[in-house]
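Protein chains get the first letters and strands the later ones, always in sequence-line order, with residue 1 at the start of each.
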Protein chains: 2
Amino acid sequence: MTDTRAYHHGDLRRALLAAALEAVGEVGPAALSLRDLARRAGVSHAAPAHHFGDKAGLLTALAAQGFDLLAQALTEADDDLLEAGVAYVDFAVTHRAYFEVMFRPELYRADDAELIAARGRAGAALRSGVAALSGGGAPADTDRDSLAAWSIAHGFATLWLAGALPDRVGDNPREAARAVLRRLST
Amino acid sequence: MTDTRAYHHGDLRRALLAAALEAVGEVGPAALSLRDLARRAGVSHAAPAHHFGDKAGLLTALAAQGFDLLAQALTEADDDLLEAGVAYVDFAVTHRAYFEVMFRPELYRADDAELIAARGRAGAALRSGVAALSGGGAPADTDRDSLAAWSIAHGFATLWLAGALPDRVGDNPREAARAVLRRLST
DNA sequence: CGTGAAACTTGCCAGTGACAAGATTGCGCG
DNA sequence: CGCGCAATCTTGTCACTGGCAAGTTTCACG
């Protein structure tokens, strides 16, 4: 598994990000320990600092990766707004660790160039789905509609992840999300 | 301000919660330091443990307080679903520290009895607003509608707090929320 | 081959949460 | 009135964390 050569790990940056993803899934993004990541990767406790500077740097890289994955997921369901919303919720549940980092900007460098670019790609994918549906409406309407669509999908995803939803919604996030999101497009 | 008598502070529990609220507003719920709270209250570093057990215990108390405040805010706008949604967003922005703790169950004891009761009161206030509006519809519709209303309000609030919304939404959360929430009740 | 930079290590410091044991205080009960 | 006991708070300690500094190993490139 860990093909660790002594010194010059070779792919430490990627290994640390993978370990971080795993650790975030286990203990949440706030309780992440750089020293734990170093142990998982089989390197010394100060090695992560060399690649990411500090904890915020590492989480910045993770968030940027996450936004790119989200953009990709949204693009694939681009033609259908409802399906894009379902894809959004599905992403949050399936890639929970990414999602939890992405929307906790106090944990990373929100002004990082790469992150901003990735976030922009995800936002564009979202907006293009709304624009396709609302057709030739005024831009202001598209703005408001995409905000509403984003809000309801994001809200449902967040509540789902927080375990705040009542039991009766079931255990299938895609299905439950579809029922709720449909309320918007009537 | 801090009317500290030596030993037997008299109101340490309340003082610590107030300090915690302030600290969470400054550094977020995850970076909260019990020792810092103790310093703010003018007591020793181990005093908080006596009242709350550990950090999770303190955040549990804070979350329970928050859910009660939210229930109160929602009840006051009970007759109008749109206004209840606006009140929800307004609560999140105005009582940001509470809100941020309430929906991070990994930081506190989600099985605490007092917390569950408070959360139940908030949920009931939310559902009663939806039921009042949807009139005599089937219960399943009310369920789905309240989920949708909760999702869109919660999503907008969360995105607002995360600073994820584009600049063009302006700086007035109530107004911006109203425009978005209206999309649901057409 | 050899030199300078990149990658990684070791060692350290201040800060944190949790626990244990002791000091102080006030309250109920005789 | 006073005495014992429990609640409250303190002091001391331990393992752990993030970040910094300085040293060591390896690689890339001339």
- Would you classify His45(A) as touching base, sugar-phosphate or nothing, given that sugar-phosphate means primed atoms plus P, OP1 and OP2, and contacts are heavy atoms under 4.0 Å? base
- Task: For Ala49(B), answer base if it contacts any base atom (sugar-phosphate contacts may also be present), sugar-phosphate if it contacts only those atoms, and nothing otherwise; contact means non-hydrogen atoms under 4.0 Å.
- Result: nothing
- Task: For Tyr98(B) and Leu21(B), indicate whether the former's side chain and the latter's backbone hold a donor-acceptor pair under 3.5 Å.
- Result: no
- Query: Nearest nucleotide by nearest heavy atom, which residue falls closer to the 5' end of DNA chain D, Ala46(A) or Arg13(B)?
  - Reply: Arg13(B)
- Task: Grab the CZ-P distance between Phe52(A) and dC20(D) for me, whole Å please.
- Result: 17 Å
- Item | Between dC27(D) (C1') and Asp11(A) (CG): distance, integer Å | 16 Å
- Message: What is the separation between atom CG on Asp36(A) and atom P on dC16(D), rounded to the nearest whole Å?
- Response: 12 Å
- Task: Would you mind telling me which residue lines up with the more 5' stretch of DNA chain C, Arg39(B) or Ala47(A), judged by nearest nucleotide?
- Result: Ala47(A)
- Item | Atom-pair distance (CG on Asp54(B); C1' on dG17(C)), nearest Å | 9 Å
- Message: I need the CG-C1' distance between Leu59(B) and dG17(C), as an integer number of Å.
- Response: 13 Å
- Item | Rounded distance in Å - CZ (Arg35(B)) to P (dT16(C)) | 7 Å
- Query: Looking only at atom types and distance, does a side-chain atom of Lys55(A) sit under 3.5 Å from a main-chain N or O of Leu34(A), one as donor and one as acceptor?
  - Reply: no
- Item | Interatomic distance, Leu34(B) CG vs dC16(D) C1' [rounded to whole Å] | 15 Å
- Classify the nucleic acid contact of Leu32(B) as base, sugar-phosphate or nothing, counting any heavy atom under 4.0 Å across all strands shown. sugar-phosphate
- Message: Applying side chain to side chain contact (heavy atoms under 4.5 Å, CB included) to His45(B) and Arg39(B), what does each step give before you reach the verdict?
- Response: CA-CA 7 Å; His45(B) 67 262; Arg39(B) 279 188 295 264; over 6 Å; no
- Neighbour count >12 (heavy atoms, 6.0 Å) for atom CD, Glu114(B): no
- Query: Within less than 4.0 Å of OP1 or OP2 of dT25(C), is there a side-chain N or O belonging to His9(B)?
  - Reply: no
- Indicate, with a heavy-atom threshold strictly under 4.0 Å, whether Leu58(B) touches base, sugar-phosphate, or nothing. nothing
- Would you indicate, yes or no, if dT17(D) has its OP1 or OP2 atom less than 4.0 angstrom from a side-chain nitrogen or oxygen of Ser33(A)? yes
- Parallel, tilted or perpendicular for Trp150(A) and His154(A), by the 30°/60° rule? perpendicular
- For the pair made of CZ in Arg14(A) and C1' in dA7(C), what is the distance, rounded to whole Å? 17 Å
- Item | Contact under 4.0 Å: His50(B) side-chain N or O vs dC9(D) OP1/OP2 | no
